[in-house]
Amino acid sequence: MPIDLAREKYSGSVYTVELGGTSAAGGTRDSVIKIGGETTLPFLFEEGSMPNSPVVGLEIFDCEPTDWPDGLKNEIGDALKDPIKWAKKCVGDFGSKFLCVRLISAHPDWGGRSANDAIAFLKSLLQEVKVPLVIIGCGDAQVDNELLAKASQATKNEKCILGIASQNNYKTLTASCLADGHSIIATSPVDVNIAKQVNILISDMGLDPKRIVMDPTTASLGYGMEYVYSIMERARLSALAGDKMLSMPFILFIGQEVWRVKEAKDSTPLGIKWEIATAAAMLQSGADILVMRHPVAAQATSKYIDGIMKR
Amino acid sequence: MIVIGELINGMYKDVRKAIANKETDVIQHLAEDQVKAGAKALDVNTGPFSKNPKDDMKWLVESIQKVTDVSLSIDSTKFDVIEEGLKLTKNRAIINSTNADDEKMSRIFELAKKYNTQVIGLTTDKSGIPNSKEKRLELAATIVAKAMDYGINAEDIFLDPIVLPVNVAQSQGIEVLESIREFRHLSDPAPNAIVGLSNASQGTKFRSLVNRTFLVMAVANGLTAAILDPLDKELMDAMIAAELILNKTIYCDSFLDAYRKR
């Protein structure tokens, strides 16, 4: 007797967010990447659809990343010293479909370069690479409020995703995104209640919920990944049940977390596998955008996505 | 919870007057206000004083659909009035209502099939409103079984155990609440359980308090839909908090706002 599988039916869906402004939108990017739109839990194509494939992009800094482990540095080589070359290598050699640019040089601990210098870099980056951009501040709230406002203006109409907004610091960045046509990253400390609250606070300022992506905070394999997984799953189930304030796609900073754990620092091959395994698990819990660091891990993850999306 | 706004009903004086004088804006404001307050559907009833209920139903449905596209619950005891409403609804409608009488069910379910609607089923029959949980359940099972004969899914049936005023039939409160709990076990997927809430407080003092207390208790017993006054903010807030406590929605500090953004 054939077994009749029980299938879930969902009433809600994840918002579709667009990354990248082409000339049609007044931007200069060469493509628009659509993210989200799921009507099912990840890859359960019998229960709903995943109209947009999850997407992998490499992360670059706007200065040389002195604290990166050798396993990462060696793969990218001398280009690390010149962020523009680095960016071009990620796109040209490694096939990154978008870039995540971290403007870390403005951080007091990273030299505290002026915001204007960081913006000058950003402007030349726009000239030199044409893939869509995710732009992240340096992580110092005070510096970022000025830095990201300027970054937002400098990339007007490029439809970037800017971050990172938190429950305590979201107003300036939201206002910038509203004015310049960008989307925003809303972060929460592995906490679904705060994730929902930040989304409400941002959308109350008038930013379309379709321009928010959630950063649930990433953890590496072996360092609390399961907890992130369960939070994402809970949020996604709620979205599929119709909770509009949790229906945003997820962005996960995989590389950042993996390449600071002991296993990755001690052994490059293990680090690559560690990054792939973390990415694969996060895809299964609903990740839509993966920001990764090792090109080999990023390429393997993209291949994995292509394979699983074909089924 | 599926909230069905109850205010567009010819029993209310302002609506009766609006229908008589064809005051479109009165009806449209009532529709918009209820949707804004969280109603996911609107009940439409021409009321007992309508001289030409078919025309009035047509006018009401047309007027409402010009300002909102939420589902309409077409509320009448007359088949031709119901059909007149169903003909015009743009989105999936709800028929309010059938009871457990075989002949009535046949005609209502035929309409439901023809217009692909959901149906509210009152657990009464020719012998009147039951006074026990057992009888309510028996009638509910009759309704669900008959609906299935017509190929209507159980989840498209809203079983209404009929709430009675607490000052008239105090013993019935617990019977109704327990019926709601049991309705949900009648089939899998479960049928919906609905109440016409305001009846609980008919003729009592502190109507709003009685309504919202009853609603919270009903939600705790598995209620999935209610016909109520969504403009009663405290009532809606209590319902939202009740669903939160039952873990049906995810908490955040702005949970009241969050619900209204759904």
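Order of the sequence lines fixes the chain letters, A, B, ..., with proteins taken first and strands second; residue numbering starts at 1 for each chain. All of these numbers come straight from a predicted model, not from anything done at the bench.
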More than 12 foreign heavy atoms under 6.0 Å from [atom1] of [X]: is that the case here?
X      : atom1 : value
A:K34  : NZ    : no
B:K36  : NZ    : no
B:R92  : CZ    : yes
A:Y227 : OH    : no

Between A:D204 and chain B, with a heavy-atom cut-off of 4.5 Å, which part of the residue counts as in contact: side chain, backbone, both or neither?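 For A:D204, heavy atoms of backbone and side chain both lie under 4.5 Å from chain B.
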
Contact part of A:I194 toward chain B, heavy-atom cut-off under 4.5 Å: side chain, backbone, both or neither?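 Neither; nothing under 4.5 Å.
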
For B:I250 versus A:S238, what's the shortest heavy-atom pair and its separation?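 Scanning both residues, the minimum pair turns out to be CD1-CB, 3.6 Å.
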
Can you name the side chain to side chain donor-acceptor pair (under 3.5 Å) partners of B:N221, sequence neighbours left out?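 Side chain to side chain donor-acceptor pair (under 3.5 Å) list for B:N221, sorted by chain: B:R181.
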
Can you list the residues that meet the side chain to side chain donor-acceptor pair (under 3.5 Å) rule with B:D253, with sequence neighbours excluded?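 Partners of B:D253 under the side chain to side chain donor-acceptor pair (under 3.5 Å) test: B:Y251.
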
Which value, rounded to the nearest 0.5 Å, describes the distance between A:I200 atom CD1 and B:F255 atom CZ?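 Taking CD1 in A:I200 and CZ in B:F255, the distance rounds to 10.5 Å.
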
Just wondering, do A:Q197 and B:S254 contact through their side chains at under 4.5 Å, heavy atoms?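 Contact flag for B:S254/A:Q197 side chains = yes.
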
What parts of residues 209-219 of chain A touch chain B if we use heavy atoms and a cut-off under 4.5 Å?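 At a heavy-atom separation under 4.5 Å, chain B is reached by no residue of residues 209-219 of chain A.
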
Run the side-chain donor-acceptor check on residues 5-14 of chain A: report pairs under 3.5 Å with partners two or more places apart or on a different chain.
residue	atom	partner	partner atom	Å
A:R7	NH2	A:E46	OE1	3.3

